[in-house]
Amino acid sequence: SKSTTSYAIIQPDFKFEDMGIGGLDSEIGAIFRRAFASRIFPPSLVEKFGIQHVKGILLYGPPGTGKTLMARQIGKMLNACEPKIVNGPEILNKYVGQSEENIRKLFADAEKEYKEKGEDSGLHIIIFDELDAICKQRGSKNDGTGVGDSVVNQLLAKMDGVEQLNNILIIGMTNRLDMIDEALLRPGRLEVHMEIDLPDENGRLQILKIHTSKMSQNGIMGDDVDLKELASLTKNFSGAEINGLVKSASSFAFNRHVQVGTLASVTPDVKDVKVNRDDFFAALD
Ligand code: ATP
């Protein structure tokens, strides 16, 4: 086999199969190729291209489709420090002026390390959940306080400032692409955009497998459960809703073994608890 050199940004023991993300294989692959490929090459080579690494990614799409899961797994996959995860509404601190300070603080560790170690600095990941909350479309659809404006400006300033910093990756997430300030989406900022949509039937099957894998391993799953059938019956379910379905089915299974008297207790046959097809159908109902 050909020997390869890799300026490995990937954790050596990381396995894509272990990500616990179903139905998004091509999205994960595409993000990798578009956002991280350059980081695998020697910095001296990349320098010759006169380009900078991708600094920001935007994941958008309906709620519960695995955006947060994916952002966290990207953090785990890359040889990075524990990602900083912040929530848009959280940043919008009610004390005016404090939100800009919150943004400044987010970048401080990465900036400090880069000053000390340069290209040897570790990768820092900053994840913005509900990014739309701080982007009330500057100017036009403003909430009147002007707080959103200055937070976006601060974020833009920070992102442009990291131009020299090769050690930062920002992952933004939103259900509302239309609410994201266009200035944030330009090259050099959140430049790779990836839609994370509702899973198709095959994706739903993968997600069902992920969320029932423990049950299957432990012999808890009833023999009559057909995950393919469930995948076909869960059209328009998000990953989060499929997760909810499995939880609900489990709860029906538990409840078959519950006796409620003065105190709630479990029946003696509790060792035989299984999650059956009926439990999934009750849950679907
Ligand atoms: P929101 O936009 O509401 O924040 P999200 O897209 O970030 O939603 P997650 O928080 O990643 O959604 O998903 C919630 C939970 O649903 C996950 O922790 C996981 O259990 C399950 N889930 C969602 N999508 C998937 C998926 N593709 N594969 C496996 N599990 C999933």
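All heavy atoms count here, side chains included; hydrogens, waters and symmetry mates do not. Counting from 1, the numbers follow the sequence of the chain as shown. No experiment lies behind these values; they were computed from the predicted model shown.
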Q: Measure from the side-chain N and O atoms of Lys67 to the backbone N and O of Gly61, and report whether any donor-acceptor pair falls under 3.5 Å.
A: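 It does hold such a pair.
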Q: Between Arg186 and Glu182, does at least one N-O distance fall below 4.0 Å, as a salt bridge requires?
A: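 A salt bridge is absent here (no side-chain N lies under 4.0 Å from a carboxylate O).
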Q: Name the atoms and distances for all side-chain donor-acceptor pairs under 3.5 Å in residues 80-88, with sequence neighbours left out.
A:
unit_1: Lys84; atom_1: NZ; unit_2: Asp109; atom_2: OD2; d: 2.9
unit_1: Asn87; atom_1: ND2; unit_2: Glu130; atom_2: OE2; d: 3.2

Q: Among all residues two or more places apart in sequence or in another chain, which pass the side chain to side chain donor-acceptor pair (under 3.5 Å) test with Arg256?
A: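 Once residues adjacent in sequence are excluded, the partners of Arg256 under the side chain to side chain donor-acceptor pair (under 3.5 Å) criterion are Asp279.
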Q: Can you list the residues that meet the side-chain contact (heavy atoms from CB on, under 4.5 Å) rule with Gln206, with sequence neighbours excluded?
A: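 Once residues adjacent in sequence are excluded, the partners of Gln206 under the side-chain contact (heavy atoms from CB on, under 4.5 Å) criterion are Asp25, Asn202.
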Q: Over all heavy atoms of both residues, which pair between Ser232 and Glu229 is shortest? Give the atoms and the distance, please.
A: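 Closest heavy-atom pair between Ser232 and Glu229: OG-O, 2.8 Å.
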Q: Decide yes or no on side-chain contact (heavy atoms from CB on, under 4.5 Å) for Leu284 and Phe237, but give the supporting numbers first.
A: CA-CA 11 Å; Leu284 276 173; Phe237 275 46; 4.0 Å; yes
Q: Among the clusters formed by ILVMFWY side chains lying less than 4.5 Å apart, do Phe281 and Val275 turn up in the same one?
A: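 Yes; Val275 is reachable from Phe281 via cluster members.
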Q: Is there a donor-acceptor contact under 3.5 Å from the side chain of Arg189 to the main chain of Leu184?
A: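 Checking the backbone N and O of Leu184 against the side chain of Arg189, no donor-acceptor pair under 3.5 Å is found.
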Q: Report whether Ile21 and Ile207 are members of the same hydrophobic cluster (ILVMFWY, side-chain heavy atoms less than 4.5 Å apart, transitive linking).
A: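 Ile21 and Ile207: separate clusters.
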Q: Looking only at heavy atoms, what is the nearest atom pair of Ala110 and Asn167, with distance?
A: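 Looking at all heavy atoms of both residues, the shortest contact is O-ND2, 3.0 Å.
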Q: With rounding to the nearest 0.5 angstrom, report the CZ to CG distance, Phe107 to Leu155.
A: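 Rounded to the nearest 0.5 Å, the CZ-CG separation comes out at 5.5 Å.
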Q: Using the rule that Ile, Leu, Val, Met, Phe, Trp and Tyr join whenever any side-chain heavy atoms are under 4.5 Å apart, tell me whether Ile210 and Leu205 fall into a single cluster.
A: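 Not linked; separate clusters.
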Q: Quick one: does Arg176's side chain have a donor or acceptor within less than 3.5 Å of a partner on Asp132's backbone?
A: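 Not a single qualifying donor-acceptor pair exists.
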Q: What residues form a side-chain contact (heavy atoms from CB on, under 4.5 Å) with Lys247, not counting sequence neighbours?
A: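 Partners of Lys247 under the side-chain contact (heavy atoms from CB on, under 4.5 Å) test: none.
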Q: Apply salt bridge (charged side-chain N to carboxylate O under 4.0 Å, His left out) to Asp200 and list each qualifying residue two or more places apart in sequence or on a separate chain.
A: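 Result, salt bridge (charged side-chain N to carboxylate O under 4.0 Å, His left out) vs Asp200: none returned.
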Q: Give a yes or no on whether the backbone of Val54 and the side-chain of Arg39 come within a donor-acceptor separation of less than 3.5 Å.
A: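 Yes; judged by distance alone, with no hydrogens or angles, the pair exists.
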Q: So how far is it from Ser250 OG to His211 NE2, rounded to the nearest 0.5 Å?
A: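 Spacing of OG (Ser250) from NE2 (His211) equals 11.5 Å.
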Q: Measure the shortest side-chain to side-chain distance between Glu191 and Leu185 over non-hydrogen atoms and say whether it is less than 4.5 angstrom.
A: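 Not in contact.
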Q: Restricting to non-hydrogen atoms, name the atom on Phe36 and the atom on Met77 that form the minimum distance, rounded to 0.1 Å.
A: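 Shortest heavy-atom contact: CE1-CE, 4.0 Å.
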Q: How long is the straight-line distance from CD1 of Ile242 back to CG of Leu208, given to the nearest 0.5 Å?
A: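 Reported to 0.5 Å precision, the distance equals 5.0 Å.
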Q: Looking at Leu45 and Phe41, what are the two nearest heavy atoms and their distance?
A: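 Smallest interatomic distance, heavy atoms only, reads CD2-CD2, 3.8 Å.
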Q: Tell me whether Lys228 is salt-bridged to Asp226, with the criterion being a basic N under 4.0 Å from an acidic carboxylate O.
A: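 Answer for the salt bridge query: no.
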Q: Looking at residues at least two apart in the chain, or sitting in another chain, which of them share a salt bridge (charged side-chain N to carboxylate O under 4.0 Å, His left out) with Glu201?
A: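 In terms of salt bridge (charged side-chain N to carboxylate O under 4.0 Å, His left out), with neighbours along the sequence ignored, Glu201 is linked to no residue.
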Q: Could you pull out the closest heavy-atom pair between Lys105 and Gln98, with the gap in Å?
A: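 Closest approach of Lys105 to Gln98, heavy atoms only: NZ-NE2, 4.2 Å.
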Q: Does any part of the side chain of Glu111, heavy atoms only, come nearer than 4.5 Å to the side chain of Lys158, both counted from C-beta?
A: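 Touching, per the 4.5 Å side-chain cut-off.
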Q: How many angstroms lie between CG in Leu106 and NE2 in His124, if you round to the nearest 0.5 Å?
A: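 Answer for the CG-NE2 pair, Leu106 versus His124, is 12.5 Å.
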Q: Would you say Phe128 ends up clustered with Leu177 if hydrophobic residues are merged whenever their side chains have heavy atoms under 4.5 Å apart, either directly or through other cluster members?
A: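 Yes: a chain of side-chain contacts under 4.5 Å links Leu177 to Phe128.
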Q: Determine whether a donor-acceptor pair (N or O, by modelled atom type, separation under 3.5 Å) exists between the side chain of Glu116 and the backbone of Glu113.
A: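 Pair absent, no side-chain N/O of Glu116 close to backbone of Glu113.
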Q: Looking at CD1 of Ile57 and CD1 of Ile171, how far apart are the two atoms once the value is rounded to the nearest 0.5 Å?
A: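 CD1 of Ile171 is found 5.0 Å from CD1 of Ile57.
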Q: Please list every donor-acceptor pair under 3.5 Å in which a side-chain atom of residues 215-225 meets a protein atom from a residue at least two apart or in another chain.
A:
unit_1: Ser216; atom_1: OG; unit_2: Thr212; atom_2: O; d: 3.1
unit_1: Asn218; atom_1: ND2; unit_2: Lys214; atom_2: O; d: 3.0
unit_1: Asp224; atom_1: OD1; unit_2: Arg277; atom_2: N; d: 3.1

Q: Please list, chain by chain and in numerical order, all residues satisfying side chain to side chain donor-acceptor pair (under 3.5 Å) with Ser38, sequence neighbours excluded.
A: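 Testing Ser38 for side chain to side chain donor-acceptor pair (under 3.5 Å), a comparison that skips the adjacent residues, returns His53.
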Q: Should Asn255 and Ser251 count as side-chain neighbours, where that means a heavy-atom distance under 4.5 Å?
A: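 Side-chain contact under 4.5 Å: yes.
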Q: Atom CG of Leu78 and atom CD of Gln73: how far apart are they, to the nearest 0.5 Å?
A: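 Answer for the CG-CD pair, Leu78 versus Gln73, is 11.0 Å.
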Q: Check whether any side-chain heavy atom of Met194 lies under 4.5 Å from a side-chain heavy atom of Arg34, and answer yes or no.
A: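 A side-chain contact exists here, since the closest heavy-atom pair is under 4.5 Å.
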Q: Taking side chain to side chain donor-acceptor pair (under 3.5 Å) as the definition, give me every residue that meets it alongside Asn276, ordered by chain and number, with sequence neighbours left out.
A: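 Listed in chain order: nothing, the list is empty.
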Q: Write down the atom of Leu131, the atom of Leu58, and the distance for their closest heavy-atom approach.
A: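 Shortest heavy-atom separation between Leu131 and Leu58 comes out as CD2-CD1, 3.9 Å.
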Q: Looking at Lys55 and Met159, would you say the former's side chain and the latter's main chain have a donor-acceptor pair under 3.5 Å?
A: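 Yes.
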Q: In the single-linkage hydrophobic clustering (I, L, V, M, F, W, Y; side-chain heavy atoms under 4.5 Å), do Ile28 and Ile125 co-cluster?
A: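 Yes, one cluster joins them.
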Q: Would you check, one step at a time, whether the test side-chain contact (heavy atoms from CB on, under 4.5 Å) holds for Leu59 with Met70?
A: CA-CA 9 Å; Leu59 305 177; Met70 191 137 147; 4.2 Å; yes
Q: Please walk me through it: do Ile168 and Tyr114 pass side-chain contact (heavy atoms from CB on, under 4.5 Å)?
A: CA-CA 9 Å; Ile168 290 184; Tyr114 201 79; over 6 Å; no
Q: Who passes salt bridge (charged side-chain N to carboxylate O under 4.0 Å, His left out) against Asp129, sequence neighbours left out?
A: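 Asp129: no salt bridge (charged side-chain N to carboxylate O under 4.0 Å, His left out) contacts found.
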Q: Using the test side-chain contact (heavy atoms from CB on, under 4.5 Å), find all partners of Pro62 that sit at least two apart in sequence or belong to another chain.
A: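 Pro62 satisfies side-chain contact (heavy atoms from CB on, under 4.5 Å) with Thr65, Asp197, Leu198 once adjacent residues are dropped.
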Q: Residues in salt bridge (charged side-chain N to carboxylate O under 4.0 Å, His left out) with Glu47, at least two apart?
A: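 Glu47: no salt bridge (charged side-chain N to carboxylate O under 4.0 Å, His left out) contacts found.
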Q: Report yes if some heavy atom in the side chain of Lys235 is under 4.5 Å from a heavy atom in the side chain of Arg204; otherwise report no.
A: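 Side chain of Lys235 against side chain of Arg204, heavy atoms only: contact under 4.5 Å found.
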